[in-house]
Student: 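This structure is in structure tokens; I'll ask about it shortly.
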Number of protein chains: 2
Amino acid sequence: MTDTSTKHDVFQAIADPTRRELLCMLAENEMPVTVISSHFPMSRTAVSKHLRILLEAGLVTEKKVGRETRYRLQPEGLKELKHWLAYYERFWDNKLAALKSFVESDKN
Amino acid sequence: MTDTSTKHDVFQAIADPTRRELLCMLAENEMPVTVISSHFPMSRTAVSKHLRILLEAGLVTEKKVGRETRYRLQPEGLKELKHWLAYYERFWDNKLAALKSFVESDKN
DNA sequence: TAAATGCGAAACCTAAAAGTTTCACATTTA
DNA sequence: TAAATGTGAAACTTTTAGGTTTCGCATTTA
């Protein structure tokens, strides 16, 4: 396991709306920084910092290609969040079904 | 529906580790502020502020009983988070995407 | 009724987060 | 080789988050 995944925690990483937009944008395609930042009303450097936080939280991957740095979603990073949430699911809806999903989430 | 539920968003509310502890503590039992804050290494006022943020995010409820204010978990507030997360689950359930990220993670 | 209890509001402080501009450094491309 | 491109590091500013102390106000209780 990379130690980048522990520098920033997932909860803090997804707290920022810009970073959530980034995740959405990187879900389907891998993209270089300049292209990514052209979609946001802030400097490229600011976007780059957000990407670093997502990287350290294990939510995106970074790949150097020539002079570009391409980012893409790393969905596995969200499993910690899913597990955290699973604990609380048993407090709503059908308690039995919720417990079931909690147990099942252990496999992931 | 109370408009307090939209003042603070859920993502920001759960970003703080103290607030996540609060949710856990209030999951099973309803508790007054003084009792809650006795479990934390900070002032009652600080805990009270965290509780307010959780309240505004729709994650806890508040109930006045005499001179006490009792809080308890409102698990439905986490449904928004579950919904957000559900979108990304398909990216790790998708076998092709999963294989790709598996190969990439081998380098690290 | 007087004292104690439970709590939030207000004012304040400090550290961290989020943004900017500038600069240096590879990598391409003309 | 010279110019253009893509990027991160550094230094800085401003805003926000998280904490404190003090105070006042209900509500209980002695």
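Keep in mind that the numbers below use all heavy atoms, side chains included, and drop hydrogens, waters and symmetry copies. We name chains A, B, ... by the order of the sequence lines, and we start the count at 1 in each one.
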Student: Is the shortest side-chain heavy-atom distance between A:W84 and B:L23 below 4.5 Å?
Tutor: yes

Student: Report the distance from atom CG of B:L51 to atom C1' of C:dG8, rounded to the nearest whole Å.
Tutor: 12 Å

Student: Indicate yes or no for a side-chain donor-acceptor contact from A:R72 to the backbone of A:V60 under 3.5 Å, with no hydrogens or angles considered.
Tutor: no

Student: Using the ring of A:Y88 (Phe, Tyr or Trp, six-membered ring only), decide whether A:R90 places NZ or CZ under 6.0 Å from its centre and within 45 degrees of its axis.
Tutor: no

Student: In whole Å, what is the span from the CD atom of B:E56 to the P atom of D:dG18?
Tutor: 13 Å

Student: When the distance from CG of B:D16 to P of C:dA15 is rounded to whole Å, what number comes out?
Tutor: 17 Å

Student: Mind listing the closest non-hydrogen atom pair of B:M42 and B:V47 along with its distance?
Tutor: CG-CG2, 3.8 Å

Student: Restricting to nitrogen or oxygen on both sides, can you table the protein-nucleotides 12-15 of chain D pairs closer than 3.5 Å?
Tutor:
none

Student: Starting from P on C:dC7, measure out to NZ on B:K63 and report it in whole angstrom.
Tutor: 14 Å

Student: Between B:R19 (side chain only) and B:I14 (backbone N and O only), is there a donor and an acceptor less than 3.5 Å apart?
Tutor: no

Student: Show the nearest heavy-atom pair for residues B:F11 and A:A15, with the distance to one decimal.
Tutor: O-CB, 3.8 Å

Student: Taking the nucleotide of DNA chain C with the nearest heavy atom to each, does A:Q12 or A:V65 sit closer to the 5' end?
Tutor: A:Q12

Student: Considering non-hydrogen atoms only, spot the tightest contact between B:Q12 and B:D9 and give its length.
Tutor: N-OD1, 2.8 Å

Student: For nucleotides 1-9 of chain D, give me one character per nucleotide, 5' to 3': B if any protein heavy atom sits under 4.0 Å from the base, S if the only such contacts are to the sugar-phosphate, - if neither.
Tutor: ---BBSBBB

Student: How would you list, by chain and number, every residue that makes a salt bridge (charged side-chain N to carboxylate O under 4.0 Å, His left out) with B:E62, sequence neighbours excluded?
Tutor: B:R52

Student: Report yes if at least one side-chain N or O of A:H50 is closer than 4.0 Å to OP1 or OP2 of C:dA17; otherwise report no.
Tutor: no

Student: Check whether any side-chain heavy atom of B:K63 sits under 4.5 Å from a side-chain heavy atom of B:T69, and report yes or no.
Tutor: no

Student: Over how many whole Å does the gap from B:I14 atom CD1 to D:dG18 atom P extend?
Tutor: 13 Å

Student: Figure out the CE/P separation between B:M42 and D:dG18, and round it to whole Å.
Tutor: 10 Å

Student: Between P on C:dA18 and CD on A:E21, what's the gap in Å once rounded to a whole number?
Tutor: 14 Å

